[in-house]
Amino acid sequence: MNQTIEVILKRKGTMSYTSQQICESDMEIIISAGIAGPTARNLQTRHFTIVQNKELLQQIDNGVRILMGAPMEYNALYGAPSLIITSAPIENAPFADQDCAAAVENMLLAATSLGLGSRYVVSPTRFIESEAGKTVQQALGIPQGYRCVACLIVGYDADPSQTPVSRNMDVVNYVK
């Protein structure tokens, strides 16, 4: 099996992280992979915000928990030291959700290939886009006129023995 397919099949949604921050060169590779993602009509309208500030990460985590009505022990960011937010213009970006999702998948695969843990998360976008999250959105420097679309968390996996979840393979039909 080739290396790309191995990385795709190895990728998992990591649920616990060490507190160690990933190195800047790895983050640059991950972001480059996101930027390399396909965009409809080559509009390239998505924006990437890297959050490593512990106080802001805690604010986002608390905001998600409150918004969801989750118990105090709920940790939306799973203790990851980095959150990457993809955002896109509110107007004139008809394929923003798809473009951001493609970028996030590229970044997840890049993180896996670098031996890092990662997870696709959407709940932070709901908080950041809520009325309660507006001040956090400003502190994050999300461009004016943009909305948060999707996120991923990245860091060192605290439980590398965790394996990818099994997938339902009975979801395909062929029309020839």
Side-chain angles (χ1 to χ4, degrees), residues 4-5 7-8 11-14 17 21-22 24-70 75-78 80-114 116-155 167 171-172:
T4 301
I5 301 301
V7 168
I8 291 169
R11 191 210 58 78
K12 64 182 180 181
T14 302
Y17 296 83
Q21 188 56 261
I22 67 172
E24 195 172 313
S25 61
D26 283 351
M27 183 59 80
E28 288 175 11
I29 291 167
I30 292 167
I31 294 299
S32 292
I35 291 169
T39 63
R41 298 189 333 216
N42 197 30
L43 293 175
Q44 300 186 41
T45 55
R46 69 263 180 279
H47 180 83
F48 303 88
T49 301
I50 303 161
V51 185
Q52 296 178 323
N53 178 289
K54 290 178 183 180
E55 290 80 25
L56 280 172
L57 290 170
Q58 190 62 53
Q59 276 187 278
I60 293 166
D61 206 46
N62 289 338
V64 169
R65 183 180 42 73
I66 292 166
L67 186 68
M68 294 176 64
N75 188 337
L77 303 179
Y78 298 88
S82 291
L83 169 68
I84 303 171
I85 302 166
T86 60
S87 56
I90 295 169
E91 297 182 19
N92 301 320
F95 307 106
D97 290 358
Q98 294 84 354
D99 293 350
C100 288
V104 167
E105 179 65 10
N106 273 15
M107 292 187 284
L108 292 168
L109 294 174
T112 300
S113 75
L114 294 169
L116 297 167
S118 61
R119 186 175 190 87
Y120 193 134
V121 289
V122 179
S123 56
T125 65
R126 292 187 176 150
F127 165 66
I128 293 166
E129 286 296 310
S130 73
E131 195 57 42
K134 291 297 180 194
T135 58
V136 171
Q137 186 179 46
Q138 289 176 340
L140 294 171
I142 304 293
Q144 191 71 27
Y146 276 57
R147 67 181 176 88
C148 297
V149 177
C151 306
L152 70 147
I153 49 177
V154 184
R167 302 293 180 176
V171 294
V172 179

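For the residue pair C100 and V149, the shortest heavy atom distance occurs at CB-CG1, 3.6 Å. The shortest non-hydrogen separation linking H47 to P143 is CD2-CD, 3.5 Å. Heavy-atom minimum distance, A36 versus N106: C-ND2, 3.9 Å. Nearest heavy-atom pair across S130 and L67 is CB-CD1, 4.5 Å. Closest heavy-atom contact between A110 and I30: CB-CA, 4.1 Å. Closest approach of D99 and A40 over heavy atoms only: OD1-N, 2.9 Å.
Residues S118 and T14 form no side-chain contact, since every pair of their non-hydrogen atoms from C-beta on lies 4.5 Å or further apart. Residues L77 and Q58 are not in side-chain contact: their nearest non-hydrogen atoms beyond the backbone lie 4.5 Å or more apart. At least one side-chain heavy atom of R147 sits under 4.5 Å from a side-chain heavy atom of D97. When side chains are defined from C-beta on, L57 does not count as touching D61, because their heavy atoms never get closer than 4.5 Å. Using a 4.5 Å cut-off on side-chain heavy atoms (C-beta onward), R65 and F127 make no contact. Contact check for I84 versus I31: side-chain heavy atoms found under the 4.5 Å cut-off. For the pair V51 and T49, the minimum side-chain heavy-atom distance is below 4.5 Å. By the 4.5 Å heavy-atom criterion applied to side chains, V121 and P124 are counted as neighbours.
The CD1 atom of I60 sits 11.5 Å away from atom CD of E55, with the distance rounded to the nearest 0.5 Å. Taken from CD1 in I85 to CD1 in I128, the straight-line distance is 3.5 Å, to the nearest 0.5 Å. The line from CG of L83 to CG of L56 is 10.0 Å long, rounded to the nearest 0.5 Å. Atom NZ in K134 sits 10.5 Å away from atom CD1 in I142 (nearest 0.5 Å).
Both tests hold for R119 against Y78: distance to the six-membered ring centre under 6.0 Å, angle to the ring axis within 45°.
Within a 6.0 Å radius of NZ in K54, no more than 12 heavy atoms belonging to other residues, nucleotides or ligands are found. Annotation for R126: atom CZ does not count as buried by contact number, only 12 or fewer foreign heavy atoms lying within 6.0 Å.
Side chain of S123 to main chain of V64: no donor-acceptor pair is present (N/O by atom type, distance under 3.5 Å, no hydrogens or angles). The backbone N or O of S82 lies less than 3.5 Å from no partner atom in the side chain of Q52, so there is not a single donor-acceptor pair. Counting only distance, with no hydrogens or angles, the side chain of R46 and the backbone of I35 share a donor-acceptor pair below 3.5 Å. A donor-acceptor pair is defined here as one N or O able to donate and one able to accept, closer than 3.5 Å; no such pair exists between the side chain of D26 and the backbone of L114. Under the 3.5 Å distance criterion, the side-chain polar atoms of T86 are matched with a main-chain donor or acceptor of A150. E129 contributes a side-chain N or O that, together with a main-chain N or O of C148, makes up a donor-acceptor pair within less than 3.5 Å.
Side-chain atoms of N42 and Q44 form a donor-acceptor pair, as typed in the model, at a separation below 3.5 Å.
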Worked check of side-chain contact (heavy atoms from CB on, under 4.5 Å) between Y120 and L108: CA-CA 8 Å; Y120 193 134; L108 292 168; 4.0 Å; yes

Full working for side-chain contact (heavy atoms from CB on, under 4.5 Å) between V154 and I22: CA-CA 8 Å; V154 184; I22 67 172; 3.8 Å; yes

